[in-house]
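Worksheet for the structure shown next.
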Protein chains: 2
Amino acid sequence: METKTFTVEQVRRFVNDAFRGFGFTDEEAAKITDVLVTADLYGIRSHGTQRLVRYHKQIRSESIKVGVQPEIVFETPVSAVIDGHSGMGQVIACFANQLAIEKAKRVGMAFVTVRNSNHFGIAGYYAKQASDEGLIGIATTNSESIMVHTGSKKAVLGSNPIAFSMPADPVPFWFDAATTVVPRGRIEVYNKAGKPLPEGWAIDDTGKECTDAAKVLSCISAHQGGGILPVGGSREESGSHKGYGFSMIAELLSSITSGGATSNHHKRVAGAGAGSCHAFIVIDPKIFGDPEEIRAHLSEFLQELRDADRADPDVPILTHGEKEAASMEKRLKEGIAIDRKTVSEMVDICKDVGLDSMEYLGEPAE
Amino acid sequence: METKTFTVEQVRRFVNDAFRGFGFTDEEAAKITDVLVTADLYGIRSHGTQRLVRYHKQIRSESIKVGVQPEIVFETPVSAVIDGHSGMGQVIACFANQLAIEKAKRVGMAFVTVRNSNHFGIAGYYAKQASDEGLIGIATTNSESIMVHTGSKKAVLGSNPIAFSMPADPVPFWFDAATTVVPRGRIEVYNKAGKPLPEGWAIDDTGKECTDAAKVLSCISAHQGGGILPVGGSREESGSHKGYGFSMIAELLSSITSGGATSNHHKRVAGAGAGSCHAFIVIDPKIFGDPEEIRAHLSEFLQELRDADRADPDVPILTHGEKEAASMEKRLKEGIAIDRKTVSEMVDICKDVGLDSMEYLGEPAE
């Protein structure tokens, strides 16, 4: 794949000014930019700059509304329910998560749930915001239906990721995973490469296992049957009901607690917000004693996991978050490589919002 | 497998009087009995009466101590840390979970964490205690090392189950699953049947995938390498890091927050408690609005999942907890079938604690 490498500062400036151009305030654009660029820095390209073109379309079609404010519709000292009023997911999620962090600092733990939002980027961004402040952060969301639950041939559940972060040294424990066996982006990669999918990833609209990536993608888009399997595959033998269960936990914590749309009721039409629901749970380790002792206990345990006997002597054992921390370090030094297709989309966005693409990206507009 | 069927009342009376015979108070015996018999009623035999002989041995060798009380060593309005002082896991867990339920009713949500405990039975029992009171219940525990984490050939993590229950009609959502692809009991079943294990379940002490059930079991017992894989198998391609991550969440919530022993530091010697750690998180749906509306929203969603197009027209789609509710209904009517080996162990226990096995089980002592 041909790519062009930009400095992190270049990417930040472009994303920030694009969102200002879309009509967001400086403060909102800064928040959205940080979520997207963090995904690029972590190496999670599907949720970084590459996604800008989709957000752009949704903003233009008013599925994502500009100029609306998240509203607290119910509140207790340990909780809040937020109505996102179909605004930008990242703005709503930052607001909700910040509220959860403040409440947790005040009372020890808090749970803020959100309805009527849109795609919020990587769930792990919000969990990390909490762990950066010495807290335990849990973030989850539902999404457009994409997962066929055990025994079904129709996608009802979303990719429903769960993220968890907790302070540790040298890097925090940072886990962020879709509860599907793979995200849709991975199917797209196989499709582009013309490679058959591994067994246990997806089924088609007849309910049979399917390794044809193009067919699976068209099934997902058509919403008439077929989709990606839960982690654990299609059979109880491999733990299908477990991935299905974890996806349910994400759904219950987000859409059910918030009174919002479950994944199967997300909207996919111009002018209507998706209806995404999120949940942010924040816990202050002070409620269990000395946070420094807890942090040291976790750091020591993570080191024991890394030091365990390797299955393959040449492959180091990782704990969750190490890969992303290393990716960030590398990209901060070496810049962010963006594929040509995305660069050309970025040029189009410059044109649309009146930015000079030569100045921002060193690329002429067509 | 040859079995003998007992009425639920017979099983309850035997288990209760056996634990009284082991030295537990009436109140403690009643709690332990309810956890064990519930597992039998749910059809989770590995955690029911069948396990009595192991508990008996651990009580006799003083790994499980009789006559100790769980102690609150740290407390806030939303939390507590409990030291179990190596008592019976079920007694400690009932105490801790009850405290979490009371706190959640008072302040909206609560997190009680436990160290120095022993095996506590099915995690889902405690989650269900919360949902029976109209609350959301989450329960988890670490355990003896049995899971080889991604890239490792040494078992460091436990089976680390996560349970989640939330009120719904006609039955609550009730999820309880080990974060290993299968529990050890399932490997034992394959071993007894002389059948090879499916791919993706286990590795041996050389770090290679292993389908020889006997070898895997001996590896687990020897603690020198090999064990059961996380849900998601051994490769990132099938989501290995996801099962590993969910297991880590169980570990962090239990042993790290409580300052207790992580799974790899559990003890397996006479006279020392295992050091198991548990976590109980309880959330009152009132903190999100009207609990009845939330319950109705969940019930409706569960019905949509059941009503989805089936992959196989003859196989109904289940939501989590339906199978267990049906099993309970059936066994309350038809009784609990117990295998002959367990029955003979029960007769031995009668003899040991001075119960008349003919009266309790209709079986003569040898």
Side-chain angles (χ1 to χ4, degrees), chain A residues 74 76-79 81 107-109 111 113 149 151-154 156 164 166 173 175 177 181-182 198 200 203 207 225 231-232 237-239 241-243 245-246 248-249 252 256-259 262 264 283 285 287-289 293-294 297-298 301 304-305 308-312 315-318 320, chain B residues 74 76-79 81 107-109 111 113 149 151-154 156 164 166 173 175 177 181-182 198 200 203 207 225 231-232 237-239 241-243 245-246 248-249 252 256-259 262 264 283 285 287-289 293-294 297-298 301 304-305 308-312 315-318 320:
Chain A
F74 191 87
T76 78
V78 296
S79 69
V81 179
V107 292
M109 64 190 296
F111 189 148
T113 177
H149 55 297
S152 168
K153 67 177 177 186
K154 186 84 191 278
V156 174
F164 187 108
M166 186 165 178
F173 175 81
F175 171 72
V181 62
V182 283
I203 63 170
V231 60
E237 183 184 283
S238 52
H241 57 298
K242 299 187 182 190
F246 288 120
M248 287 296 291
I249 291 175
L252 271 49
I256 300 297
T257 59
S258 69
T262 49
N264 53 326
I283 302 160
I287 67 172
F288 308 115
E293 269 178 39
I294 292 169
H297 188 21
L298 174 56
F301 179 56
E304 288 175 345
L305 286 157
D309 296 338
R310 297 175 180 185
D312 178 341
V315 180
I317 298 171
L318 297 177
H320 300 84
Chain B
F74 192 87
T76 79
V78 295
S79 70
V81 179
V107 292
M109 64 190 296
F111 189 148
T113 177
H149 54 297
S152 169
K153 67 177 177 186
K154 187 85 191 279
V156 174
F164 187 108
M166 187 165 178
F173 175 82
F175 172 73
V181 62
V182 283
I203 63 169
V231 60
E237 182 183 284
S238 52
H241 58 298
K242 300 188 182 189
F246 288 120
M248 287 296 291
I249 291 175
L252 271 49
I256 300 297
T257 58
S258 69
T262 49
N264 53 327
I283 301 159
I287 66 173
F288 308 116
E293 269 177 38
I294 292 170
H297 187 23
L298 174 55
F301 179 56
E304 288 174 346
L305 286 156
D309 295 337
R310 297 176 181 184
D312 177 341
V315 180
I317 298 171
L318 297 178
H320 299 84

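Naming convention: chains lettered A, B, ... in sequence-line order (proteins, then strands); numbering from 1 in each chain.
When each of A/D309, A/V182, A/T76 is scored by its heavy-atom pairs under 4.5 Å with chain B, the top score falls to A/D309. Across A/V156, A/V81, A/V107, A/I249, the residue that shares the most heavy-atom pairs under 4.5 angstrom with chain B is A/I249. The greatest number of non-hydrogen atom pairs below 4.5 Å with chain B, out of A/G239, A/S258, A/G245, A/G259, is found for A/G245. Contact count against chain A (heavy-atom pairs under 4.5 Å) is highest for B/T262 among B/T262, B/I203, B/V231. The greatest number of non-hydrogen atom pairs below 4.5 Å with chain B, out of A/V181, A/I287, A/T113, is found for A/I287. Ranked by heavy-atom pairs shorter than 4.5 Å toward chain B, the options A/N264, A/L305, A/L318 are led by A/L305. Chain A forms more heavy-atom pairs under 4.5 Å with one residue of B/H297, B/E304, B/R310 than with any other, namely B/H297. Chosen from A/G151, A/G207, A/G200, the residue pairing most often with chain B at heavy-atom distances under 4.5 Å is A/G151.
Ring pair A/F74/B/F288: centre-to-centre distance not below 6.0 Å.
In this structure, A/H320 contributes its side chain and B/H241 its backbone to a donor-acceptor pair below 3.5 Å. The main-chain N or O of B/A308 is never found under 3.5 Å from a side-chain atom of A/S152 such that the two would form a donor-acceptor pair.
If you measure heavy-atom distances from A/E293 to chain B, you find no contacts under 4.5 Å at all.
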Residues B/M248, A/F173; criterion side chain to side chain contact (heavy atoms under 4.5 Å, CB included); working and verdict: CA-CA 9 Å; B/M248 287 296 291; A/F173 175 81; 3.5 Å; yes
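The NE2 atom of A/H149 sits 4.5 Å away from the CD1 atom of B/I317 when rounded to the nearest 0.5 Å. If you take OG1 on A/T257 and CD1 on B/I294, they are separated by 7.0 Å, rounding to the nearest 0.5 Å.
Closest approach of A/F175 to B/K242, counting heavy atoms only: CZ-O, 3.8 Å.
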